[in-house]
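One structure is given here, and the rest of the page talks about it.
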Amino acid sequence: MLQIEKKNCFVQLGKFLNQFSLDNSALNPSVINNDLFYDDFLNLIQLSQSHNGWFTPDQVHFSIQSWAEALTEENLNLWISKYDFNTVNPKTIALVLAGNIPLVGFHDFLAVVISGHKVLVKTSSNDQKLLPFLAKYLISINPELENFITFTEGKMEDFDAVIATGSNNTARYFEYYFKNKPSIIRKNRNSVAIITGNETPEDLANLGEDIFRYFGLGCRNVSKLFVPKNYNFDAFFQAIYLQKDVIYYEKYANNYDYNKAVFLMSNFKLLDNEFLTIKEDSSYASPISSIFYEYYEDRNEIKNRLLADAEQIQCVVSNGITENSIPFGQTQKPKLWDYADNVDTLEFLLSL
């Protein structure tokens, strides 16, 4: 099966996904195989929260729209144009996927298939429905893809390399279990934002999106702020008030109540707006419904700190303070060439 044929399947998938938005899902008669998949996918979106309480329709629709925007012919061509796929010796690549946010493993799935390898997927128990459904849609467009895509619920066997994503604890297990295989093993990472005090209300409102999208469960969610000495948080709190409805989701509210109680019983000094607690802390990883902050006096110190801790950081959000920093509000809209942990997945796959 030619790569251009696979690429075209993903372009068609992008068009299929583009029909589904939170406010106005509308069937496009020109999309292939809508009669077989449209209604079922609409139902799956609505049922996703029953499979995983964090997968609300809003969050699932956001993920779907993000992938719809990414899977265009222009984006796919731009992504793969710098690689040479002619020397690929097809192998079977095992994927061990996380399930913290909807379709979190789709990029790895896409990279393996489009590179010419076969994919063996073990989904997370927290996200077992969405990716298999999209794989069925791809196969319906070109049945030859069935030879390249396999899902398994049991022990993974007969594979040549692995890409596994998990926590720091599971990563140690992965490193031992897959020690004889070429691998990419992903661990916990967190994202940070550098505030100068000169941000516009729009910047800070967009930062709210970086913090609250997917309820803060993703590694691209901002969990730590660096703020100048004596920074006044009033403008920040005013801007993120747009996110206030997050507290009406029971699972988030339970985390907010629990973590706030733990902090208060420990006599930590908190800032609180009734749906987010802010705590001064040197750590990068904050609990759900909380964000940490740290004061700085010298921007160069922060840049050096983040360079030294690069293996703990996924994204840095700022108005251009660091090299490759991400604009406010864009952490959950990565491009196809924005690789997790800055490890080029396609380069790894082409080296096998």
Side-chain angles (χ1 to χ4, degrees), residues 1-48 57 59-83 85-86 88 90 93 95 97 101-121 123 127-151 332-339 345-346 349-350:
M1 187 175 180
L2 298 177
Q3 186 191 52
I4 190 172
E5 295 175 306
K6 295 177 183 176
K7 183 196 73 177
N8 289 339
C9 289
F10 283 103
V11 172
Q12 293 302 322
L13 176 61
K15 293 178 180 178
F16 175 76
L17 295 178
N18 199 40
Q19 300 172 107
F20 302 92
S21 66
L22 181 64
D23 299 324
N24 185 31
S25 289
L27 187 146
N28 180 348
S30 68
V31 173
I32 297 173
N33 291 343
N34 259 341
D35 56 328
L36 300 174
F37 289 91
Y38 182 88
D39 289 339
D40 286 346
F41 195 51
L42 207 57
N43 290 335
L44 178 57
I45 293 170
Q46 296 305 314
L47 289 172
S48 289
Q59 307 299 352
V60 176
H61 275 292
F62 182 89
S63 176
I64 289 168
Q65 274 300 303
S66 296
W67 280 112
E69 293 170 12
L71 294 175
T72 65
E73 185 165 15
E74 180 182 7
N75 284 336
L76 286 163
N77 285 338
L78 188 59
W79 177 40
I80 64 178
S81 62
K82 71 173 187 175
Y83 301 94
F85 296 89
N86 294 321
V88 171
I93 314 300
L95 299 184
L97 303 184
I101 66 175
L103 291 172
V104 68
F106 184 82
H107 190 275
D108 289 333
F109 172 86
L110 165 64
V112 173
V113 174
I114 210 160
S115 68
H117 294 295
K118 297 180 179 181
V119 66
L120 174 64
V121 184
T123 60
D127 189 9
Q128 293 184 316
K129 305 293 184 180
L130 292 170
L131 183 57
F133 187 97
L134 298 189
K136 288 180 182 178
Y137 181 80
L138 288 166
I139 292 169
S140 78
I141 297 171
N142 192 324
E144 283 189 58
L145 275 175
E146 190 165 13
N147 299 320
F148 293 86
I149 300 171
T150 304
F151 287 84
Q332 298 298 346
K333 295 183 178 181
K335 307 297 184 184
L336 293 174
W337 44 90
D338 292 332
Y339 294 105
T345 314
L346 275 184
L349 293 168
L350 296 178

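- Distance check, rounded to the nearest 0.5 Å: CD1 of I114 to CG of L336 gives 8.5 Å.
- K7 pairs by the salt bridge (charged side-chain N to carboxylate O under 4.0 Å, His left out) definition with E73, not counting sequence neighbours.
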>> Could you walk me through whether N24 and S21 satisfy the side chain to side chain donor-acceptor pair (under 3.5 Å) test, starting with their C-alpha distance in whole Å, then the side-chain angles of each, then the deciding distance to 0.1 Å, before giving a yes or no?
In response: CA-CA 5 Å; N24 185 31; S21 66; 5.5 Å; no
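- The side chain to side chain donor-acceptor pair (under 3.5 Å) test applied to S30 returns N28, not counting sequence neighbours.
- Counting heavy atoms from C-beta outward, I101 and Q59 have side chains that stay 4.5 Å or more apart.
- For residues 12-38, there are no salt bridge (charged side-chain N to carboxylate O under 4.0 Å, His left out) pairs, not counting sequence neighbours.
- Applying the ring-ring contact (aromatic ring centres under 6.0 Å, His included) criterion to F20, with sequence neighbours excluded, gives F16, Y38, F41.
- By the side chain to side chain donor-acceptor pair (under 3.5 Å) test, N34 pairs with Q19, sequence neighbours left out.
- Residues L17 and L13 are in side-chain contact: their nearest non-hydrogen atoms beyond the backbone lie under 4.5 Å apart.
- Among residues two or more places apart in sequence or in another chain, the side chain to side chain donor-acceptor pair (under 3.5 Å) test is passed with N86 by D84.
- Just one residue in the list F37, F106, F109 forms a side-chain contact (heavy atoms from CB on, under 4.5 Å) with L134, and that residue is F106.
- The only option from V121, V104, L95 that meets the side-chain contact (heavy atoms from CB on, under 4.5 Å) definition with L131 turns out to be V121.
- Judged as a ring-ring contact (aromatic ring centres under 6.0 Å, His included), and not counting sequence neighbours, the contacts of H107 are W79, Y339.
- Counting only heavy atoms from C-beta outward, the side chains of K129 and L47 never approach each other to under 4.5 Å.
- The side chain to side chain donor-acceptor pair (under 3.5 Å) pairs that include a residue from residues 110-119 number zero, where partners must be two or more places apart or lie in different chains.
- When side chains are defined from C-beta on, Y137 does not count as touching L36, because their heavy atoms never get closer than 4.5 Å.
- Partners of E69 under the side-chain contact (heavy atoms from CB on, under 4.5 Å) rule, at least two apart in sequence or in another chain, are Q65.
- Under the side-chain contact (heavy atoms from CB on, under 4.5 Å) criterion, E146 pairs with I139, not counting sequence neighbours.
- Under the side chain to side chain donor-acceptor pair (under 3.5 Å) criterion, S140 pairs with N33, sequence neighbours left out.
- Under the salt bridge (charged side-chain N to carboxylate O under 4.0 Å, His left out) criterion, D108 pairs with R186, not counting sequence neighbours.
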